[in-house]
**Q** 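If you scroll down you'll find the structure; I have some questions about it.
Atoms considered below: every heavy atom in the structure, side chains included; atoms not considered: hydrogens, waters and symmetry mates. Sequence lines set the chain letters: A, B, ... in the order given, protein chains first and strands last, and positions in each chain run from 1.
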Protein chains: 2
Amino acid sequence: MLNRVRSAVAHLVSSGGAPPPRPKSPDLPSAPSPQTAAPPEAPRSPPARAGSGSAAPAKTVEARACFSRPTFLQLSPGGLRRADDHAGRAVQSPPDTGRRLPWSTGYAEVINAGKSRHNEDQACCEVVYVEGRRSVSGAPREPSQGQGLCFYYWGLFDGHAGGGAAEMASRLLHRHIREQLKDLSCWSSQKEVTHESLVVGAIENAFQFMDEQMARERRGHQVEGGCCALVVVYLLGKVYVANAGDSRAIIVRNGEIIPMSREFTPETERRRLQLLGFLKPELLGGEFTHLEFPRRIQPKELGQRMLYRDQNMTGWAYKKIELEDLRFPLVCGEGKKARVMATIGVTRGLGDHNLKVCSSTLPIKPFLSCFPEVRVYDLTQYEHCPDDVLVLGTDGLWDVTSDCEVAATVDRVLSAYEPNDPSRYTALAQALVLGARGTPRDRGWRLPNNKLGSGDDISVFVIPLGGPGSYS
Amino acid sequence: MLNRVRSAVAHLVSSGGAPPPRPKSPDLPSAPSPQTAAPPEAPRSPPARAGSGSAAPAKTVEARACFSRPTFLQLSPGGLRRADDHAGRAVQSPPDTGRRLPWSTGYAEVINAGKSRHNEDQACCEVVYVEGRRSVSGAPREPSQGQGLCFYYWGLFDGHAGGGAAEMASRLLHRHIREQLKDLSCWSSQKEVTHESLVVGAIENAFQFMDEQMARERRGHQVEGGCCALVVVYLLGKVYVANAGDSRAIIVRNGEIIPMSREFTPETERRRLQLLGFLKPELLGGEFTHLEFPRRIQPKELGQRMLYRDQNMTGWAYKKIELEDLRFPLVCGEGKKARVMATIGVTRGLGDHNLKVCSSTLPIKPFLSCFPEVRVYDLTQYEHCPDDVLVLGTDGLWDVTSDCEVAATVDRVLSAYEPNDPSRYTALAQALVLGARGTPRDRGWRLPNNKLGSGDDISVFVIPLGGPGSYS
């Protein structure tokens, strides 16, 4: 993900942009206390940042006091060091001997090929108990009303410009969701408002609260950078997939592919970004134009006719070039190189409250939204077999692997294991990560077809939808 | 459509809200000169407006100097009078004896049951020749570059709060499209920009230019009210369907239904409307809140917890009621009763530049957008048979007729005619209009199942996609 944020580290200044303070929820710790302590040998030197070209300011980097991996990996200090080795890029999974993840979920990850010092992906997998909200008097509710409920939770967080936001989100986002879901226990049926829409609203609001907490606490706790967040909640028969960023989730069911998220990039969100620039031109600081042109306009082209697209257009039309069309375009570049304000390549995520346009004090944040899109999948509507899985991956996986290739790997790996062997999902996650990483050859990581593998951090969850132990 | 605009007529005041003037295109007439002159017996008295409850101000109504129907109906003064009769509601179609519409297109219409004085729907069907744009020197281009091209054009315009906007759009919108398409002849291939995206952009811009012309000329030419616009352009093998409002287009192909538009209503556009109110709170004038609640909040509920939805949410969550939540909601009501600012039930369309919130000077227009959504259908990708049709209808048809019922009528009527009988498409249009109108029974217009038929104006085009004379 790091190469998606140009010059972001160099602009991690401590100035403004914070939203008005909101009272903290009582159950939420304000300081993200690391669950995995920094190993004594964890390096503290400034990370080498290939592609950014400029060293990060010392104060930001020194503040990055610890490096952790998901607790469920149960890494020893030596194991943590191996997980942090860019040369070997060993694939990490929870140990076979320990307690399995809920639903026998499979997980695997690998560090990047050197573009950032540490693995900036983070992951979380939890069973979360929601206690009903207490009544106004402070007394607990009637047992029938406030018994509480449980949800299963998986999260992938792909950090950029530092690992702080991803670490904080991996520790706290599910607690924000729990806090929001407390209202469910006092919900009485109202027309139009379904139970499902309340869970969706709870997840949406939890993302916003998480982002606001990062804004509040970024100075005290060095929440550097930002992160994409892809989250799955299973509650009362339904799977909720919430995505903010360019991670991706698909269900592979009986060989069929069901997309469960879409990526949020300058290209997919062009019209939202342009509309914001059009309605709030002050956010462009006189430096950018919200209009899109097929190429950069030259000053000598003033007065000529040129193709353009405005916020409310899907097609292209001609206009006469005016002076302000010479400004830098709000959205530019194509594919993986597309950028908002020449700075960032994703348009949804958590954190990034200090991110500024290169050589400017213009904040990126209003264009970068923390709100996820939530898709719902009803598990009870289909008889799932042990080979039906929900695959979550950060962009390290999807940059070099198509949906169809993932479905083929699902078929190939799972058919090599007994249906009731709970280790098959971890084997599948490992195969997916290895298939995206490739092997070292010709001075690079290469796939069997000799194309370059992903040099990014790669993290994958494989969640069985009908496997042993699923939603039991 | 009229019942979709509450109190709109009473607020047709002549004050502000016009966008900055834009130079007129030289080829476009500034005054909409009626093609069908007002018959001497055309009534000039204020229209009876069932449902609005209040009489329109005299100056507005008196200014409505003429009433016309599409020229291709070739109505005599007597025929015009019959078309204007709310009691008989005779179905109108082009005469069998005259020149057929291009592609043997079928058309039928019927006036409303009395809710507005005249039929406020309008229609247009034309073959339009586009001359290439002249070079800067004024000399015509090389023949190879500027031969010009032809497009086929169909438009349905469903007026509200007066027929002026619909009449003006039916006379001029295709000319704006022609003007925009002139650029196509000087188009040289640029990366990313396809020929198709240029046609889409031309149509999108033509809607905007049409709307701006209405804003400029509304005082001089009494362009009362507004209109939904559903337009089809056929050019170089592709069908472009542009929709702004709640009319609807579907293709029925070999019995399969392919939706070619979607409706724009306060419900389908909730998030766009709320976002606009959120980013530009001054548009709400301190009278409305952009938040949505399941019901109107009472002052005594201040401080209590209540479900709400914000612009970036699809789900519902709880918040504590604050003072400004007591304001009237920007979007309220359900289904056909949903309204923006308690005033209008469609959110895209042309005109309405004078429309204000009831008892207020707050303009509706920024929430009502003139931009269409354009869908493209490639006619060359499928071998069409004479029974494959594109059906366009105003909401008078769709309020009481489902897609499936339309497809069943297509099958029933067309199979009763020889495939090469060009009158079959008009017979189909008539059957669709009759099926939506019903017959007078039990003090109302009723369908065979005894439900109420549509009391609205109903207009239908049936465009054969593989019939005799299609795109020849």
**Q** Please check if atom CD in A/Glu324 has more than 12 non-hydrogen atoms from other residues, nucleotides or ligands closer than 6.0 Å.
**A**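 Atom CD in A/Glu324 is not packed in, count stays at 12 or less.
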**Q** Could you walk me through whether B/Glu204 and A/Asp310 pass the side-chain contact (heavy atoms from CB on, under 4.5 Å) test, one step at a time?
**A** CA-CA 10 Å; B/Glu204 288 171 330; A/Asp310 206 344; over 6 Å; no
**Q** When you compare the side chain of B/Asn205 with that of A/Lys319, does any pair of heavy atoms fall below 4.5 Å?
**A**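 In short, these two side chains do not touch, never coming nearer than 4.5 Å.
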**Q** Do you know the tightest heavy-atom contact between B/Ala317 and A/Gly201?
**A**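 It is CB-O, 4.1 Å.
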**Q** Distance from B/Thr314 atom OG1 to A/Glu196 atom CD, nearest 0.5 Å?
**A**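 That separation rounds to 9.0 Å.
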**Q** Can you name the nearest heavy-atom pair linking A/Gly315 to B/Val200, along with the distance?
**A**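 Looks like N-CG1, 3.7 Å.
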**Q** For A/Leu279 and B/Leu275, what are the C-alpha separation, side-chain angles and deciding distance, and is it a side-chain contact (heavy atoms from CB on, under 4.5 Å)?
**A** CA-CA 10 Å; A/Leu279 292 175; B/Leu275 178 64; 5.5 Å; no
**Q** Return the OH to NZ distance between A/Tyr318 and B/Lys182, rounded to the nearest 0.5 Å.
**A**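 If I round to the nearest 0.5 Å, the distance is 15.0 Å.
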